[in-house]
Amino acid sequence: MKPFTFPKNFLFGSATAGVQVEGGDRNNNWYVWAEQGHIKDGSDILRAGDHWNRYREDVALLSQMHHQIYRMGIEWSRIEPEKGRFDEKAIAHYREVIACLLRNNIRPLVTLHHFTYPIWLDKEDGFASKQIVTYFERYTEYVVEQLGDLVSEYITINEPNVFLLNGYVAGMWPPGKKDIPLAYRVFVNMSLCHIAAYEIIHRIRRQRHFPGKTMVGVANHLRVFDPLRKGHTLDHFLAEKQQFFFQDAFADYMTTGTLPFPAKLCVPSGYEGHYADFIGINYYSRNIVNAVDLTTFVQPDRPVNDLGWEIYPDGLRILCETFYERYHLPIWITENGVCDNNDVLRVRFIAGHLRAVKEAIDKGVPVERYYHWSLMDNFEWLEGESARFGLVYIDYESQRRIIKKSGKFYAKICENGGCTEDLVKEYHL
Ligand code: NOJ
């Protein structure tokens, strides 16, 4: 591998999400989902990484690993535990976490919604509720009033497409629906929640003269969709359609408030505008699409992670280029990581994906940041504690944290702003 160095202003960090690391939240729809026995290893969100109590230790790890940026989630279910009642203690806790990051010169990027929500909202149909935009506006307003002086950068919604697909089409995640008309309603509602939140965050921070440049966007789960048989018309057609329904529709509607013709006829109009200051890309894998078997995405000869997802670094370059060409906005890699329980894949995974990012930069794409998923092992939704994505190992029993070899490798990259084959060899097991 040829050595590569990032531009001086490129920022490195990692990401987590509230429920996946905090522990202790019984007021959340994923607590109920786990109680109902849906988690494969029988774990729940009560334990996770106990980050709620151990955040100081975790911020010290971020600092030790030379992070400049950190993406964190805040939990709606903690902040608004009952409809219309906001919990001052919960928001004060998040202020403390953020202040601790800032004291360590780590810039926070705060996610408002990362798959989960309060139980009271679940009872009101969650994102299918007619009131959801009002509820999300009220929550956003409260958060930005309370945290906006410390935080200038926000992700409104994480991976709306994954939330929609798993919760309303496949029925595997809460609320466990398989209902296409309902999924369509949630698609519109989530997009309108984002658009409203985008405007609220900008308005409040402007009116209150809060410091720092306001940056708001979505963390889009993006994949590459390739036809299995090159030149096979049906495979190509299906790859294009999958791509549109899975990711392009959300990205377009949330970024521009409209869709290309004829799809624009199917969504509420009157929102045409500009609702993103960056394009957030969460990148993990690609789909190989074929007309014969629509459920198999990975071909047998491809390298995969512990969950069977293809490892395809060049896909990240392709997505950076495609999405820059489409929206002409800076690109932030808001997540990229690998399920690798024995830490044998992660060093090469990081090196390969960062090289792909650098190639996009060399082609003129303004990729500005990279947040590795994840800082530490955490509660991986249906997989529970069994799937490890962390740079830091968590012993869930003792809650002991140990920086993995790949974590030390990534720390070197954060420190030096680049990578060499010697560095890879030094840390690759
Ligand atoms: C993306 C999601 O945002 C995150 O919550 C999840 O843990 C990772 N993908 C890995 O599956």
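When a ligand or atom number is given, it counts from 1 through the structure's own listing order. Quick note: numbers below take in every heavy atom, side chains included, and nothing from hydrogens, waters or symmetry partners.
In this pair, Phe250 and Phe187 present their aromatic rings tilted. The plane angle is within the 30 to 60° band.
Protein heavy atom nearest atom 8 (C) of ligand 1, with residue, atom name and distance: Tyr284 OH, 3.4 Å. The single protein non-hydrogen atom nearest to atom 11 (O) of ligand 1 is Glu380 OE2, 2.6 Å, given as residue, atom name and distance.
The shortest N/O to N/O separation between Trp373 and ligand 1 falls below 3.5 Å.
Residue-ligand proximity: Trp309 is placed with a non-hydrogen atom under 4.0 Å from ligand 1. For His114, the heavy-atom gap to ligand 1 drops under 4.0 angstrom.
Salt bridge annotation for Arg78-Glu22: present, with a cationic side-chain nitrogen under 4.0 angstrom from a carboxylate oxygen. A salt bridge links Arg388 and Asp377; the closest N-O separation between the charged side-chain nitrogens and carboxylate oxygens is under 4.0 Å. The pair Glu335-Arg71 meets the salt-bridge criterion, since a charged nitrogen lies less than 4.0 angstrom from a carboxylate oxygen. Ion pairing between a basic and an acidic side chain is recognised when a charged N comes within 4.0 Å of a carboxylate O; Lys130 and Glu124 show no such pairing.
Within the 4.0 Å heavy-atom criterion, the part of Glu335 lying near ligand 1 is the side chain and not the backbone. The proximity of Asn158 to ligand 1, defined as any non-hydrogen pair under 4.0 Å, is limited to the side chain.
Checked against the 6.0 Å centroid criterion, the rings of Phe115 and Trp30 do not qualify as a close aromatic pair.
The Glu159 neighbourhood of ligand 1 comprises atoms 1 (C), 2 (C), 3 (O), with distances under 4.0 Å to a heavy atom of that residue.
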